Participant: 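Following this message is one structure expressed as C-alpha cells.
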Amino acid sequence: MSNTTFDEIGRALRGHQRFAILGHVRPDGDALGSQLALALSLQQLGKDVRVWNEDGMLEKYSFLPRAELLTKPPSAAEDVDVAIALDTAIQNRLGNTLAAVRSAKIWINIDHHRSNPCYGDLVIVDSTAPATGEIIFNLIKSQGLPLDHDIAENLYAAISTDTGSFQYPKTSARTFDTAAELVRVGSLDVGQISQQLYENYPRRRLELLRELLRTTRFDFGERTASFSLTLKTAANLHVLPEDNEGLIDHLRAIRGVIVAVFFEELADGKVRVSMRSKDEAVDVCAICQKFGGGGHTLAAGARVRGSLADVEKKVLEQIREALKHRS
Ligand code: AMP
Ligand code: MN
Ligand code: MN
C-alpha cells in the first residue's frame with residue numbers, strides 16, 4: 001500500500017527549498033487544514049512554500065489560522081522543486097493546480113483514500129487513517145518538524161471534520177491521542193474551534209436543506225435515502241458549493257438507512273454524486289469507482305456525465321445490486 005517511509009519524506013522536505021502544497025477540488029476541512037499545517041511547518045524551516053487549491057480558501061474555513069496563505073493557483077506555471085498532493089485520491093482531482101507545478105522534480109502524495117493509485121515519487125497512502133491531518137501529524141512528530149499553535153489548530157480542524165467530530169469508524173485511540181496532543185501543544189480552545197466549524201453556517205444552508213428534504217426519496221425497503229439539487233434551485237437560493245458539505249449526514253442518520261446519496265447537478269453536464277454507507281459490506285467506494293470516482297469504503301464520490309434523472313437511475317441500480325449481495 002504505502003511505499004515510502006516518513007524518514008524518506010522528511011529527507012525530501014529538508015533537502016529542497018521550493019514547495020507547492022496542493023489539495024483536491026471542492027476542498028473540505030481535511031484538505032485545507034492539512035495543506036495549511038504542512039505549509040506552516042515548512043515555512044518555519046525557512047522553506048519557500050505555495051499553498052494552492054483550485055477553489056482557493058472557502059469562506060467557511062477562513063477562520064483557520066493563516067488561511068490567507070491558501071490561494072488559487074496562478075495562471076502561469078511557477079518553478080517549484082517539490083509538489084505535494086494532500087488528501088487527493090486521484091491526481092486529476094488536483095484540478096487546475098496541476099498546470100501551475102509542471103516544473104516539480106519530485107511529487108509527494110500523502111493521502112488516506114483506499115482508492116488512491118499511489119501516483120507520485122514518494123507516497124504515503126494510509127487508508128487506516130481517518131484523516132490526512134492525522135498522517136501529517138505523524139510525519140511532523142516523527143521528523144521533528146515545527147509544530148505550534150497555528151499548525152495544531154489546522155490539524156485539529158482537519159481531523160475533527162474528517163472524522164465527523166470523532167464519530168466515524170476509523171476514529172481510533174490513536175486519533176484521540178493525536179487530538180489530545182494537538183490540544184495540549186497548541187493550547188487549543190476546542191469549544192471555539194467546534195463553534196467555528198459546526199455552529200457558524202449561513203442561513204442559506206438551512207434553506208438549502210429544506211429544499212433537499214422536499215426531494216428526498218427512499219428506495220429498496222428504505223435502506224437507501226437520497227436527495228438531489230438542481231442548478232436552478234442552487235441559483236434561486238444563492239448557495240455556494242461549500243454550503244452542502246455535510247448535509248448528506250441527515251440521510252445517513254435515519255434508522256434503517258444503509259446508503260445515503262446526494263445528487264448535485266453541475267454546470268458542466270455532469271452530476272456530482274456523494275455517497276455514504278453505514279455497513280462495511282456495502283462498499284460505496286467500489287460503487288463510485290464504477291462511475292470513475294473513488295474514496296473510502298463508507299464515504300465516496302464520483303462525477304458522472306448525464307442528466308440528473310439518468311444518473312440517479314444508473315447509480316440507484318448499482319446500489320440495489322450492492323444491497324442484494326449484502327443480504
Ligand atoms: P464527498 O461526498 O464529496 O464528501 O466525498 C466523499 C469522499 O470521497 C471524500 O473523501 C472524497 O475525497 C472522495 N471523493 C469524492 N469524489 C471523488 C471522486 N470523483 N474521485 C475520487 N474520490 C472522490
Ligand atoms: Mn477531503
Ligand atoms: Mn480526508
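Both counts, for ligands and for their atoms, begin at 1 and track the order of listing. It should be emphasised that the depicted structure is a prediction, and the values quoted were computed from it without experimental measurement.
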Participant: Taking both backbone and side-chain atoms into account, decide whether Asp30 has an N/O/S atom under 2.8 Å from the Mn ion (ligand 2).
Facilitator: no
Participant: For atom 12 (O) of ligand 1, what is the nearest protein heavy atom, given as residue, atom name and distance?
Facilitator: His113 NE2, 2.9 Å
Participant: With a cut-off of 4.0 Å, which atoms of ligand 1 are near a heavy atom of Ala299?
Facilitator: 6 (C), 7 (C), 8 (O)
Participant: Taking 4.0 Å as the limit for heavy-atom contacts, which would you say applies to Glu245 with ligand 1: side chain only, backbone only, both, or neither?
Facilitator: neither
Participant: Please evaluate residues Phe263 and Phe227 with respect to the criterion ring-ring contact (aromatic ring centres under 6.0 Å, His included), reporting the C-alpha separation (whole Å), side-chain torsions for both, the decisive distance (0.1 Å), and the verdict.
Facilitator: CA-CA 6 Å; Phe263 298 98; Phe227 50 39; 9.4 Å; no
Participant: When you check the gap from the basic side-chain N to the acidic O, do Glu245 and Arg26 get nearer than 4.0 Å?
Facilitator: no
Participant: Which of the N/O/S atoms in Asp162 sits closest to the Mn ion (ligand 3)?
Facilitator: OD2
Participant: What's the shortest distance from atom 21 (C) of ligand 1 to any protein heavy atom, and which residue and atom give it?
Facilitator: Gly294 N, 3.2 Å
Participant: Is the distance from the Mn ion (ligand 3) to the nearest N/O/S atom of Asp28 under 2.8 Å?
Facilitator: no
Participant: Would you verify whether the NZ or CZ of Arg223 falls within 45 degrees of the ring axis of Phe220 while also being under 6.0 Å from that six-membered ring's centre?
Facilitator: no
Participant: Does the distance from a Lys or Arg side-chain N to an Asp or Glu carboxylate O, for Glu222 and Arg255, drop under 4.0 Å?
Facilitator: no
Participant: With side chain to side chain donor-acceptor pair (under 3.5 Å) as the test, would you mind laying out the steps for Gln17 and Asp81 before giving the verdict?
Facilitator: CA-CA 7 Å; Gln17 184 56 31; Asp81 305 316; over 6 Å; no
Participant: Only N/O/S atoms count here: what is the atom of His112 closest to the Mn ion (ligand 3) called?
Facilitator: NE2
Participant: What do you reckon, does Arg26 put a non-hydrogen atom under 4.0 Å from ligand 1?
Facilitator: no
Participant: If you have a sec, work out which protein heavy atom is nearest atom 6 (C) of ligand 1 and how many Å separate them, to one decimal?
Facilitator: Arg276 NH1, 3.5 Å
Participant: With the Mn ion (ligand 3) as the point of reference, which N/O/S atom of Asp87 is the closest?
Facilitator: OD1
Participant: Hey, is Ala302 touching ligand 1 through its side chain, its backbone, both or neither, going by heavy atoms under 4.0 Å?
Facilitator: backbone
Participant: Determine, for Asp283 against Arg114, whether the closest basic-nitrogen to carboxylate-oxygen distance falls under 4.0 angstrom.
Facilitator: yes
Participant: Considering heavy atoms of the protein only, find what lies nearest to atom 17 (C) of ligand 1 and give residue, atom and distance to 0.1 Å.
Facilitator: Gly301 O, 3.3 Å
